[in-house]
Amino acid sequence: MPDGFQRQARRARLRLAGIGFVVLAAVAGGTVAVINMGDSGSSQASAGSKSTPGPSVSAHPESAGTEFTPATGRRIGLLKPTTTTDGIGRGFEHSTMGAWSAAVSFWQDLDIIDDIAAEKQWKAIASKDSPATVDRGVSEVRKIREGAGLPPSGAAPDGVSFSTRVRAVNIRGLETSGDVVQVWLVYDRFAVLRDKGGDQDPKKGETTYLILKWEGSDWRVTDEPQYKSKLTGPQPYHPDSKPAFQDGWREIANG
């Protein structure tokens with residue numbers, strides 16, 4: 001490999017590690033109303049009146065209490081995907097547990113630096129009624145690449161990998177049927193350089209959301225306007241916040 005190319009690739013790797021994740025939320029629709037709001041990771045958005053969960057969206061029994069926090073309340077386990085398509089898990093049941101398991105699985109599996117891989121993944125999980133979801137998801141990946149000094153399209157530089165870990169979730173129904181939900185996620189993201197080790201400045205406590213729609217026999221990501229107009233922000237997440245727990249924030253077991 002020519003020395004010039006090696007230097008260019010190394011600079012790209014260092015830029016990627018340096019930005020860690022300035023890009024943060026390559027969410028469906030690209031209309032995130034919530035970005036990083038400080039070291040605590042707390043954030044809030046408002047998009048009209050607060051929506052109510054549909055019949056399939058239920059809270060944990062202890063949610064009626066006032067003494068729990070996300071850190072002290074019962075943590076939730078997640079369902080495993082029943083199938084995998086292009087590196088992204090699919091096949092979750094039609095339930096609250098299925099919806100937030102799907103959201104967590106999608107967000108942790110999505111490729112955020114290889115736009116070709118990301119396009120395949122978004123196509124696997126996007127609703128057929130929301131083709132713009134794929135386009136915008138891929139566009140966000142290309143923005144990340146350009147910010148790191150990489151060509152807008154291509155694979156990840158050799159020796160660079162990223163890991164996303166969702167720590168907490170909050171779910172709201174957007175339709176009384178329970179077939180459309182918005183799932184809020186608090187997550188950490190780490191970059192790893194093969195010759196440099198772990199990320200010294202990972203992004204922690206970032207907040208984003210996905211809108212999921214039950215379609216056929218699986219949860220799909222959608223960005224349809226009739227659902228986006230119903231979006232509402234939750235209470236800011238903090239592990240020691242009683243209001244956050246009462247609002248529905250739950251930590252992930254082993255998250």
Side-chain angles (χ1 to χ4, degrees), residues 1-28 30 32 34-36 38-39 41 78 80-81 83-90 101-126 133-169 185-210 221 252 254-255:
M1 182 183 296
D3 291 343
F5 183 84
Q6 288 181 325
R7 287 194 296 271
Q8 184 180 18
R10 179 173 178 79
R11 283 197 298 270
R13 291 197 300 269
L14 292 175
R15 286 193 194 100
L16 282 168
I19 64 174
F21 274 86
V22 175
V23 296
L24 318 185
V27 291
V32 181
V34 178
I35 303 294
N36 191 15
D39 293 339
L78 297 175
K80 299 290 186 182
T83 187
T84 300
T85 303
D86 292 312
I88 196 160
R90 295 175 46 243
S101 296
V104 171
S105 180
F106 294 166
W107 197 247
Q108 292 186 156
D109 287 350
L110 278 166
D111 197 305
I112 48 74
I113 199 63
D114 184 332
D115 67 309
I116 298 171
E119 183 174 17
K120 292 178 181 179
Q121 291 180 321
W122 279 110
K123 285 181 176 178
I125 63 174
T133 295
V134 178
D135 296 336
R136 291 175 180 174
V138 174
S139 176
E140 289 296 332
V141 173
R142 289 174 178 163
K143 289 178 184 177
I144 296 173
R145 295 181 58 84
E146 291 176 354
L150 295 169
S153 181
D158 183 48
V160 178
S161 62
F162 295 95
S163 175
T164 302
R165 183 182 66 185
V166 175
R167 293 164 45 196
V169 297
L185 309 164
V186 170
Y187 66 97
D188 300 335
R189 186 163 277 164
F190 306 84
V192 178
L193 285 175
R194 186 170 55 206
D195 55 350
K196 293 290 184 180
D199 196 339
Q200 298 303 308
D201 186 26
K203 290 294 179 181
K204 290 194 172 185
E206 301 298 328
T207 305
T208 191
Y209 69 82
L210 293 174
V221 181
I252 304 295
N254 301 319

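These values consider heavy atoms only, across backbone and side chains, with no hydrogens, waters or symmetry-generated copies.
Without hydrogens or angle criteria, Gln108 side chain to Val166 main chain gives a donor-acceptor distance under 3.5 Å. Although no hydrogens or angles enter the test, the distance criterion places no donor-acceptor pair under 3.5 Å between the side chain of Arg145 and the main chain of Ile112.
For the pair Asp109 and Gly87, the tightest heavy-atom approach, listed with the atom from each and the gap, is CB-O, 3.7 Å. Of all non-hydrogen atoms in Phe162 and Ala191, the two that sit nearest each other are CE2-CB, 3.3 Å.
In this structure, Thr207 and Leu185 have side chains that are not in contact, with every pair of non-hydrogen atoms separated by 4.5 Å or more. A 4.5 Å side-chain heavy-atom check between Trp122 and Asp135 finds every atom pair outside the cut-off. Two residues are said to be in side-chain contact when any heavy atoms from C-beta on lie closer than 4.5 Å; Trp107 and Tyr187 meet this criterion. Side chains of Val141 and Asp114 form no contact here, defined as non-hydrogen atoms less than 4.5 Å apart. Side-chain contact check for Ile144 versus Ile113: some heavy-atom pair is nearer than 4.5 Å.
Residues passing the side-chain hydrogen bond (donor to acceptor under 3.5 Å, both in side chains) test with Ser153 are Asp115, sequence neighbours excluded. Under the rule for a side-chain hydrogen bond (donor to acceptor under 3.5 Å, both in side chains), Ser161 has no partner lying at least two apart in sequence or in another chain. Looking at residues two or more places apart in sequence or on another chain, you find no salt bridge (Lys or Arg N to Asp or Glu O under 4.0 Å) involving Asp111. Asp188 pairs by the side-chain hydrogen bond (donor to acceptor under 3.5 Å, both in side chains) definition with Arg165, Arg167, not counting sequence neighbours. With sequence neighbours excluded, the residues that form a side chain to side chain contact (heavy atoms under 4.5 Å, CB included) with Thr85 are Arg90, Ala124. With sequence neighbours left out, the side chain to side chain contact (heavy atoms under 4.5 Å, CB included) criterion links Ala102 to Phe92, Phe106, Leu212, Trp219.
By the 4.0 Å N-to-carboxylate-O rule, Glu140 lies close enough to Lys143 to be salt-bridged with it. Under the 4.0 Å criterion applied to side-chain N and carboxylate O atoms, Lys123 and Glu119 are assigned as salt-bridge partners.
The distance from atom CG of Leu110 to atom OG of Ser105, rounded to the nearest 0.5 Å, is 9.0 Å. One distance of note links OG1 of Thr164 with CZ of Arg189; it measures 3.5 Å at 0.5 Å rounding.
Considering Ile88, Val134, Leu210 in turn, Ile88 is the only one that fulfils the side-chain contact (heavy atoms from CB on, under 4.5 Å) rule with Ile125.
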